[in-house]
Amino acid sequence: MEIEKDSNISEEGGELTSSINFTNYASTTSSEASSARGSEFKMKKHLLSFKKHGNILTVHHTVKEEGKLIRIVFNAYCFNLRGTQFVAIDRRGNIFVIDFASKRFWRHPERVPKSSVIVPSVKESDQYLLGTKNGFLILLDVEKPNLRLLNVSQDPISEITFAGVPLQPKNLAVIRSGNAAYLVNIKTFTCTHRLDFDKRLMALKFAFYLPYSEHILTCFTNDSLHIWSSVKLEVLRIVNPIKLRDRKMQLQTSKDTTPVLELNSDNFTEYPFSCCDRDLTEGLIMSYCYQTDGSCLCFSTSDNYLLFLSPYTLELLSIFKLKNVLLQQLCLMPKPNESLLFGLTEKRKIVLLDCANIELKLFVDTSASRSMQLSTDGKFLAISRCSGEMPIWSVCYLINVLRSQERCKNMLRRAFKQSKPMPLPTAAECRFREELRELLTPQSLQQILQEYHCYPSKYRALIWFCLLKLPNNRAQYQDLMQMGLPKIIVVKARSFQLKNAKLKRALIRCWSNLAQWCKMFAYNDNVPKLIFPFVKMFHSNPLATFEVCVTLMFNQFQMFFEYHPLEPSNYLGFCTNILKYFDCPLYRFYTDKDVTASIYAWSLLNTSFAKVLDEDQWFCLWDNIISAPPYFLIFCVVAYNIMQREVIVRLPDKTVVNDFFQEQNPVDIKKLTAKAFKLMSCCPMALHPKRYMCNFQPLPRGVYPKFLNYPLKSLERFEEKAIDIQKLQRSLDDKMRALDLEEMEMTRKLENGLRKEEHDKRLKDIERYYQDTLKREEERLNYQRKVLLLHQKEIRQQKGEVLKALRESEQRKTLLQREGELESLQNNIEKERLRNDIDLMEAEEKIRNRELDILGQNLKSTEEEKQSLSKRFHNDIKRLWEEQKLLDDDLKKLSSIDLKESKKITNIPSDYLNAVEDKLQQYKEEFANIIKDNESNRSK
């Protein structure tokens, strides 16, 4: 084992990062393990040291093969639940363990090739569950050399999660392997169930236990989330977070904008474009994570969104839009830093984001990384780099860096009160503008306007600068910028509904500068509408936008604010008198319909004709207005009404007329400007507005004159009352804030009560479920007991019938045996009788022959011969007597058969029994005759 010092210097001090190389240690440990086979093996542990801050440790496994240094990448790694131990497995199956508490590390003697995932056990701090790419589930104890294996499937195991508190004693875990999810009992180490779903319609992406719950959440390729009951293995609820997001964004108002998390490329090199290979059939949801206390679920989508859901109600809590970044892996910090989020971007970089303050971002590791792992307590972050190194960071250090970044930004904002400073003009730009003013004289421009009715779009901005004689007071503008945004404008700007955020910021900046220049503009709500077209035209040059608007306020709009905040009645009176003079029928039509100048004149003026004209028409009109005297705008209003006369007089009522001046209508802009010039030239001097309006006054250099054409004293009185109202509003806001806090506290208590009530309800449901299960089991046992009794009764009946059949079979067998014995006895008797007959015949023959021989002898010899004959047959006679006794005994046994038992034999016919008895009687008679014959022969 070799402990080295890394060459990378950390951000603090000059302290070097500790690094571990497992090269020598792996080879020595494997040899020790092989030599200790058959005996109890004790793993040798080595000391190591950590840094106190930042990158506290860097782990790598480097070997030398064929003269080359090869760094082996780590496939799986994790912290234990206490965050005191770290286990890493490389591609070759080597298992390395680091103990942060004892500051030691060692290598496990076993190897696990093709490892894919590892998670800590919830029961033992030294045990871990491993999943392999060939579908094996392995139980690893880092203090013991043996492994326990279970073949779950043939597909790689991608996820392992444990059940929450209600089912934790059952030692259940959800294993996602390929397109299937399995329930495994860790105690018995057996696969018990599998989640069933239609694999033809969708494929499984994620499957895991919800934190602190017995429910299982599965995510499919159609972006639907299925909530399963791990008790019944049924789907309880189906939610689609993408549809919830789209529905919520559709219902958003201009005030409820989606926060945007943007990553700039200031800290590392980026390409101007990127093409990421993504499987579009896998749905939009890419990755997920949840907080350890189970209070929040987070999903990352491939269309650059972060979705936060409640794991209890599955409602959408918040949405974040990601800009210039796509997160492929997520890790949420535990409380109290629950707003912080670690992410692995599509460009293989680790970033720390603050969802509460979207401006704060921190790139943790800009090297190409494969994955990351956050400890359960949120103290350590391990990053697996593509190069094979694995740095372990102190999360506390990263949070402190992020907070220091926030403090620096706040200090800069307070110092400058602006985001970007205005660059000073160069000498070349100033000389160019002076030369341009000398070339573009009003006379030469008037000729262009008479011929083409408008200026060329390419040079329109330069021409306007020359006609308006803008002074380019950058220093004075910089002073206005440093004054910041008035509070009243910040409040009113929230109601702006502009899709273009850049244009919205430009409008707010210009309005703010006008308000700092003249405070009246901050209170006039018509100013944004009035200056918006010019802001849109010059939004890339804020200084030019401001000076154009100020110049127009002094000239074309000089009488717009005479009666602020009311409408300019004198200015509108000019329009009314000129319209009455040049088109009296139209004026009478307006009078009959009660249509005032506020509708047909002020609706055009307060938007600078932007509502009723398209972009090209508006540019053409204002080219002529800028080139003409300031009062030319009045004749343009009258000319527009006269040009639209035929349409207006056919409108039915005042409402329709008002709508007519709020939308675009077809008009020939060239005829409109020609008509306005004609009206201006033909207008009688008594009605001509030039008697009351000043001629064109350009802005002087080095200063912005004060605008005074508004009721100053009325505005001061209004401000005094507004200050009193603001004080009252602040007090009301404080009271409302206190009420809101009280309401939030009551809501929190109510939510806690509801959560507790829901928890108690779920516990009661579980208890009721178990009671119902026990009741069903008792009913099932009672039914099984009844069935058993009936079955025993049937078996007893069948046993009686079998015994009866056996008894009858035994009796039949006995009768058949006895019948055979009788037949054999009959045969013996027949043989004996035949033998006796033959013996008797032989004896008789011998006797006769003897008699013939003895006839010639004397009487004395005859007597002696008779005595010898009786002695000769004495033994045969005795043997016959013994056989007779045996036959008598057999006949008695046959005749002593119990009549009761013979009655039970119902299958034997009575005729057959009578025949047997007759034969027995016949045998007895024959045997008696034989005995008589023997006796007669003996007597003879």
Report yes or no: does [X] contribute a side-chain atom to a donor-acceptor pair with the main-chain N or O of [Y] at less than 3.5 Å?
X    : Y    : value
S300 : M286 : no
R92  : V112 : no
E214 : S230 : no
N80  : T84  : yes
Q328 : L344 : no
S116 : G131 : yes
H108 : D141 : yes

For the residue pair [X] and [Y], establish whether any side-chain heavy-atom pair is separated by less than 4.5 Å.
X    : Y    : value
Q127 : L139 : yes
L306 : L327 : yes
L150 : F136 : no
L330 : L341 : yes
L402 : L352 : yes
K133 : I157 : no
M390 : R385 : no
L374 : M333 : yes

Salt bridge or not between [X] and [Y]? Use side-chain N to carboxylate O under 4.0 Å.
X    : Y    : answer
D365 : K349 : no
E745 : R748 : yes
D90  : R71  : no

Considering all heavy atoms, the nearest [X]-[Y] contact:
X    : Y    : answer
E143 : D126 : CG-OD2, 3.6 Å
V395 : G378 : CB-O, 3.3 Å
R348 : R370 : NH1-O, 3.7 Å
S369 : I383 : OG-CG2, 3.4 Å
V73  : C386 : CG2-O, 4.0 Å
A173 : I186 : CB-CD1, 3.9 Å

Full working for side chain to side chain contact (heavy atoms under 4.5 Å, CB included) between V63 and I72: CA-CA 8 Å; V63 297; I72 304 173; 4.2 Å; yes

Candidate list R245, K243, K205, test salt bridge (Lys or Arg N to Asp or Glu O under 4.0 Å), partner D223, passing option: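 Running salt bridge (Lys or Arg N to Asp or Glu O under 4.0 Å) over R245, K243, K205 with D223 returns exactly one hit, K205.
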
Do [X] and [Y] get their side chains close enough for a donor-acceptor pair, meaning under 3.5 Å?
X    : Y    : result
S339 : D354 : yes
D377 : S375 : yes
T58  : N55  : yes
S371 : Y77  : yes
Q85  : Y128 : yes
N400 : R403 : no

Intermediate values then yes/no, side chain to side chain contact (heavy atoms under 4.5 Å, CB included), V231 and I766: CA-CA 10 Å; V231 179; I766 294 173; over 6 Å; no

Compute the ring centroids of [X] and [Y], then answer whether they are less than 6.0 Å apart.
X    : Y    : value
H226 : F220 : yes
F308 : F320 : yes
F86  : F96  : no

Would you say [atom1] of [X] has more than 12 non-hydrogen atoms from neighbouring residues, nucleotides or ligands within 6.0 angstrom?
X    : atom1 : value
R148 : CZ    : yes
Q154 : CD    : no
K379 : NZ    : no

Given F206, Y290, F208, W228, the one that forms side chain to side chain contact (heavy atoms under 4.5 Å, CB included) with L217: F208

Side chain to side chain contact (heavy atoms under 4.5 Å, CB included), paired with I89, selected from V117, I95, N75: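 For I89, the side chain to side chain contact (heavy atoms under 4.5 Å, CB included) check succeeds only for I95.
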
Stepwise side chain to side chain contact (heavy atoms under 4.5 Å, CB included) test for L57 and I98: CA-CA 11 Å; L57 186 68; I98 300 174; 3.9 Å; yes

side-chain hydrogen bond (donor to acceptor under 3.5 Å, both in side chains) assessment of D293 paired with S295: CA-CA 6 Å; D293 61 348; S295 61; 3.0 Å; yes

Between CD1 on residue I285 and OG1 on residue T301, distance to nearest 0.5 Å: 8.0 Å

Side chain to side chain contact (heavy atoms under 4.5 Å, CB included) between L172 and Y209, intermediate numbers included: CA-CA 10 Å; L172 294 178; Y209 269 110; 3.8 Å; yes

